[in-house]
Every structure is written in C-alpha cells, then in structure tokens.
Colleague: 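Below are the structure tokens for one structure; questions will follow.
Order of the sequence lines sets the chain letters (A, B, ...), proteins ahead of strands, with each chain counted from 1.
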Amino acid sequence: MPPDKTTFLVLDHITAGYGRAEILKGISFTANAGELTGLLGANGCGKTTLLKAMCRQIPCTGIITCGGEDLTGLSGRELARKISYVPQRTGIGISLPALEVVLMGFNPRLGLLERPSKAQERQAMEALAAVGMADAAHRDYQTLSEGQKQQCILARTIVEDAPLLLLDEPESSLDFPHRRRMMNLLADMVGGCKPGGDVVSSGKAGLVVLHDPALALEYCRQLVLIKDGVCVAVLRPGEDRIDRMEAALSRIYGPVCLADLGEGGRRRLVMLAKE
Amino acid sequence: MARPAEKRNIALCAAAGILMLAAALASLLVGKYPLSLAALLGGDEGQLRVFLTLRLPRTVMAALGGFALGAAGYVFQTVFRNPLAAPDMIGVSSGASAGAAFAILFLPATAASVTGSAFTGGLLAVGVALGLSALAPGGKNASIVLAGIAVHALAQTALMALKLAADPERQLASIEYWIMGSLNAITLGKIPFYCAVCVVALIGVFLLHRQIVLLSVEEGEARMLGVPVGRMRLLVLVLATLVVASVISVTGVISFIGLLAPHIARLLTKDNRLSTLTLSGLMGGVLLLVADILARSAATSELPVSIFTSLIGAPFLLYLILRGNGGERHAA
C-alpha cells in the first residue's frame, strides 16, 4: 500500500455535453495526490469531454474539487494556475520557436505585461532537455514532427507546474521509447511514483487519457473505465485481482485477458484480446 | 543554433529602421518644390515654410501611418490566425469611408469634419461588429469575422446610398478621391490629435505583444494558459482599430500595407514575436513613405498613394515567396 493516500481530486456526478446531446451522464470518482490516473474507454465514450468539462470549455454540472478547493468557483486565471491542460491536438497555428511555446507555460503566473525572466527561460530550456528536445529549442514549432510537438507541449506542461494535470492522449504520436520517457516524466511530475516505486505525495495529481492499455497498466496507479458517459469501474492495477480487472476491461474493450509478466512480486501486466 | 535567430532579427529591425529613416529623409526633400539640406540649414525662409507646413507633417504621417497599418495588420493576422486578415475584416475602413462620405454630403465642408466623421464611422462600424458578435454564444473568432462581414456589407451599402445622393460634380468626386487615399492634404494642424491616438494605441499593442501571440492559440488552450481570451481579444482589437482608424481617417483608405508588411516581416524573421511586430511596422513605414514619394513625383499631378503601395509591395512579396524564403506557415 502506498504510504500517503490522500484524496486530492473529487469528481461528483459530472454531467456535460454539446448542445442537447448529453455525453457525460453522471461521472464520479476520486484521485489521490501523487498518483497518475488513467482514463480508459472506447472512442466517443466521453474521456475528452470530461477533460474539457473540467477545464470549463463546455458547460457541466456536478462538483469538482481539487485539493479541497471547488474548481467551479475559481476565476479563469486561477483555474489556469490550477490546471495544466494538454489537448489532443494543440492549436498553435503560427510560426514560433519551440522555446517560446514552452515559455507560454509561465503565462498563468505572469502579469499581463510581464515577460518571462531569464531564470524562467533557463527552466524552459531544462524542460526541453528533459523531454529530449534541447537541440530543437530554436526550431520553428510548425516544422516539428507531430511527436516532437507533443514532446514540446510536455515541456510546457513541466514548466506550468500546476497541481492538476489533464492530458488528452499526450503520447499518441510518440514512438515506443519516447512514450515510456513521457510516462516516466509524467509519473515523476505527479509524484515520483515510478512503476513499482513508492508514492511520495507532491500535492499533485494527473488524469491522462490513454489508448495504450500497456502504458496505462504499467504507469497509472488507478484506472477509471468509462463507457457511454458513465464510470463503469475504478481499478488499481498494482493491487486488484487480475480476474476482476479482466472482467472490468472486457466491459469497455470487448473480451480481453491480462497476463502478468512481472518478476519478484512486481506486477507487469499486458492485455490481449481474447481469441 | 543557439541564438543567431534573435541577433538576426534585431539586425533586421535595425536595417529596416535605417531604411525607414532614409525614406523619411528623402520624403522631406522630394516633391513639387524640391528642398535642399543646405538651404534649409542656411535658413532660407521659403524653404523652411514648405518644410514645416507641407513636408514635415506629410512625412510624419506617412512614417507613422505606414508603421501603424503594418503593425495593425500583424495584429489582425495573428489574432484571427488568418494570413488574409486585414483591418477591414471587422469593418473599420468601410465604416470610415461611409463616415467620410457622410461628412462630405451633410457636414460643413472642412477637413476636420471629414476626418472626424471618418474616425467616428470606423470606430462605430467596429463597435457594432464586436457588439453583434458578443451576442453570439461562445464569442468565437468566427462570429467576430461573420459580424464584421455583415457590418462591412452594411457600411458599403450606406456608402453606395451616400454616393447616389451625392452631387456628381463635386461631392462624388471628393468621396471617390477620399477612398483612394492620399497624403496630399495633410497639414500640421490636422494631425496632432490623430497622431496622439495612434501612438497611444500602438504603445498598447506593443505592451500586449505576448498576449497577442497567445491569442493565436486555440481558444480553450489559450484560456488554460491564463489568457482571458474574450476580454483580451476585445481589448487588442479595439487598440488595433484605434491605430488604423486614426490613420485612415486622415489619409483615406490605404490598401495593401496592412496585408503586405506583416508577410514581409514574417518571411524575414520566420516567426511571430516582438521583432516580427516591430518589423511589420517598420516595413509598413518604408512602404508608405516610398509609395508617397512616388505618388507626388511620378506624374505632374498627385496620384493616389494606394496605387503605389500595391505596385511596390506586390512584386516584393512575390519575389520573397519565389525566392523560397518560405517557412511561411501562418494558418494552421
């Protein structure tokens, strides 16, 4: 059991949708400080909608508290300081050096007319180095590959240093080693909880939408399974019984089985479709 | 590639600044009554009078006006994420034209009334466009553009009605001539107020340059980066409108600079930062100064300056594009 299990994020009966179409039909779950929570579900089940609702991009009802604070009562700027949001595709449409894109992450904490300081510029360079993009700092963001763009946005998330991370498929364009690097960084940012390691509470939590169950099972302390706008199960891949998890995952993905490839008491789960 | 880009951008701005000063100097000396530096410094009274009453205000207006139109063009293109965006997208020049036509028809025929009415018309059109767009749910870029198109069409209709009602001999000609744009009739007395408005609004634009870049980011993402998108966009558009309206109400409609200068700047800097905004302004200033010099010296009578802004600007833009100095990626 992790030593510090404090509930950090509470979602209570969230409903949201576009126009009259209701996508989220009352989602409730909690997430602990220091833990990465994976959101899993088939396409169109409401994962992205949930993140957008939490960012107030679409109207929603229900209660969201983070660190005991009601998010719905915050001003736009306070919310921006509280949440670091990575959309599926970032909407940066003009030519800018990658470093400038990373520096945008400081904006919630800067005055309207304030420039990022030299120290912040150094921090941004460090973040780029951490994601493996130090060489590309002065390249035009528009000329980067989709994967490099995602790394750059991850660097921006690092400098934002917000208590709540909401990431919508942040690894979709990354190759295998970079995916692992990103998930390691995210786990580090949220709580230094590497696979199998102990949780050190950082006063942060992360919700990450993932399509790769292998990543989710390895890096997320908790998985929230969503189907048709409701939460069908909350799993803890490190602790729950494998047959229970199989049954739950089968509800969203169709018949699947899990195999444990771990050694020495440490779980490493893979998921395969049942023949 | 550590920091060469930044150094190069500063060098580009310095070069453009020197070019603009040179163009301004030429503008001071060239014209129907050629002036010479020697005579001016020697205290020739006739030359000094021409210098102070004609050349100086005209040159100041061309330099400031060009700078303003170029910088405002950058703002519109960035905020709307559209390489074709121009101030007229939200109705400022059609509003100003209708305002000028209104003054020519119905107000006492003084230069001040035409300028004031054009300024009011431009601001009114943008005010209506922004007001209408605020009624739409969400207040997205698209609704501002659509409201702008509607207001633009209304202002054009009003202008047409005013033209129909105008006396074809004098008033209609005045309206047409105003719309063509010229720096001909600028006098020292006419410009201080408009120059002051323009400079103050420009300072605002430069102070907000980081927020302007952030406004180009998709709305939901920008909001989560701490940008109060709705209010900030409104503020920036109002400032840019003040910049443009204060210039064109004095000079009449000047085409193409707002479109061209930012493209030249971006082709040179290849990014969108303070240096690009500055360079947009400086290139606009150079363009308008040179166009104005040509407008008053190419033929025996004054020609509309817009002819030359397009004539110099379009080939230059083509040259830059064909040379492959590209990397121009503006619209997503």
Colleague: Hey, which of A:Arg81, A:Arg115, A:Glu100 has the most heavy atom pairs under 4.5 Å with chain B?
Modeller: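 Maximum pair count with chain B is reached by A:Glu100.
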Colleague: Side chain to side chain contact (heavy atoms under 4.5 Å, CB included) for B:Lys270 and A:Asp140? Distances and angles first, verdict last.
Modeller: CA-CA 8 Å; B:Lys270 298 197 188 65; A:Asp140 180 358; 5.8 Å; no
Colleague: Around atom NZ of A:Lys149, are there more than 12 heavy atoms of other residues, nucleotides or ligands at under 6.0 Å?
Modeller: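 Count over threshold, so yes.
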Colleague: Less than 4.5 Å to any heavy atom of chain B: does that hold for the side chain of A:Ser75, its backbone, both, or neither?
Modeller: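 The answer is neither part of A:Ser75.
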Colleague: Let me know if A:Arg156 has heavy atoms under 4.5 Å from chain B in its side chain, its backbone, both or neither.
Modeller: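 Just the side chain, heavy atoms under 4.5 Å.
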Colleague: So, taking the atom named CZ in A:Arg77 and the one named CG in B:Leu225, what distance separates them when rounded to the nearest 0.5 Å?
Modeller: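 One finds 10.5 Å between CZ of A:Arg77 and CG of B:Leu225.
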Colleague: Could you go through A:Leu96 and B:Arg273, starting from their C-alpha distance and side-chain angles, then the distance that decides it, and tell me whether this counts as side chain to side chain contact (heavy atoms under 4.5 Å, CB included)?
Modeller: CA-CA 8 Å; A:Leu96 279 175; B:Arg273 283 186 289 173; 4.1 Å; yes
Colleague: Does B:Leu207 CG have over 12 foreign heavy atoms under 6.0 Å away?
Modeller: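 Result for CG/B:Leu207: enclosed.
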Colleague: So, the side chain of B:Asp271 versus the backbone of A:Pro97: is there a donor-acceptor pair under 3.5 Å, distance only?
Modeller: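 Not at all, since once roles are kept as given, no pair shorter than 3.5 Å links the two residues.
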Colleague: Before you tell me yes or no, could you show the steps for B:Met224 and A:Leu79 under side chain to side chain contact (heavy atoms under 4.5 Å, CB included), namely the whole-Å CA-CA distance, both residues' side-chain angles and the distance that decides it to 0.1 Å?
Modeller: CA-CA 7 Å; B:Met224 295 315 289; A:Leu79 192 71; 4.2 Å; yes
Colleague: When you measure from the side chain of B:Arg210 to the backbone of A:Glu114, do you find a donor-acceptor pair of N or O atoms at a distance under 3.5 Å?
Modeller: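 Yes, B:Arg210 side chain to A:Glu114 backbone: donor-acceptor pair under 3.5 Å.
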Colleague: For chain B, find which of A:Cys55, A:Gly105, A:Ala137 contributes the most heavy-atom pairs closer than 4.5 angstrom.
Modeller: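 Of the candidates given, the most pairs with chain B belong to A:Cys55.
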Colleague: May I have the step-by-step check of side chain to side chain contact (heavy atoms under 4.5 Å, CB included) for A:Ile94 and B:Gln77, ending in yes or no?
Modeller: CA-CA 10 Å; A:Ile94 62 175; B:Gln77 289 174 15; over 6 Å; no
Colleague: Can you tell me how far CG of A:Leu112 sits from CZ of B:Arg231, rounded to the nearest 0.5 angstrom?
Modeller: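 B:Arg231 CZ to A:Leu112 CG: 9.0 Å, rounded to 0.5 Å.
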Colleague: Using a cut-off of 6.0 Å, state whether more than 12 heavy atoms not belonging to A:Arg109 lie near its atom CZ.
Modeller: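 For A:Arg109, atom CZ is crowded (more than 12 foreign heavy atoms under 6.0 Å).
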Colleague: So, the side chain of B:Glu221 versus the backbone of A:Pro87: is there a donor-acceptor pair under 3.5 Å, distance only?
Modeller: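 Answer holds: no.
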Colleague: Using non-hydrogen atoms only, which part of A:Leu110 is less than 4.5 Å away from chain B: side chain, backbone, both, or neither?
Modeller: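 Contact with chain B involves the side chain of A:Leu110 alone.
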Colleague: Please state whether the side chain, the backbone, both or neither of B:Val229 comes within less than 4.5 Å of a heavy atom of chain A.
Modeller: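 Contact with chain A is absent: no heavy atom of B:Val229 under 4.5 Å.
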Colleague: Strictly distance-based, threshold 3.5 Å: is any side-chain N or O of B:Asn272 a donor or acceptor partner for the main-chain N or O of A:Ser95?
Modeller: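 Confirmed, B:Asn272 side chain pairs with A:Ser95 backbone.
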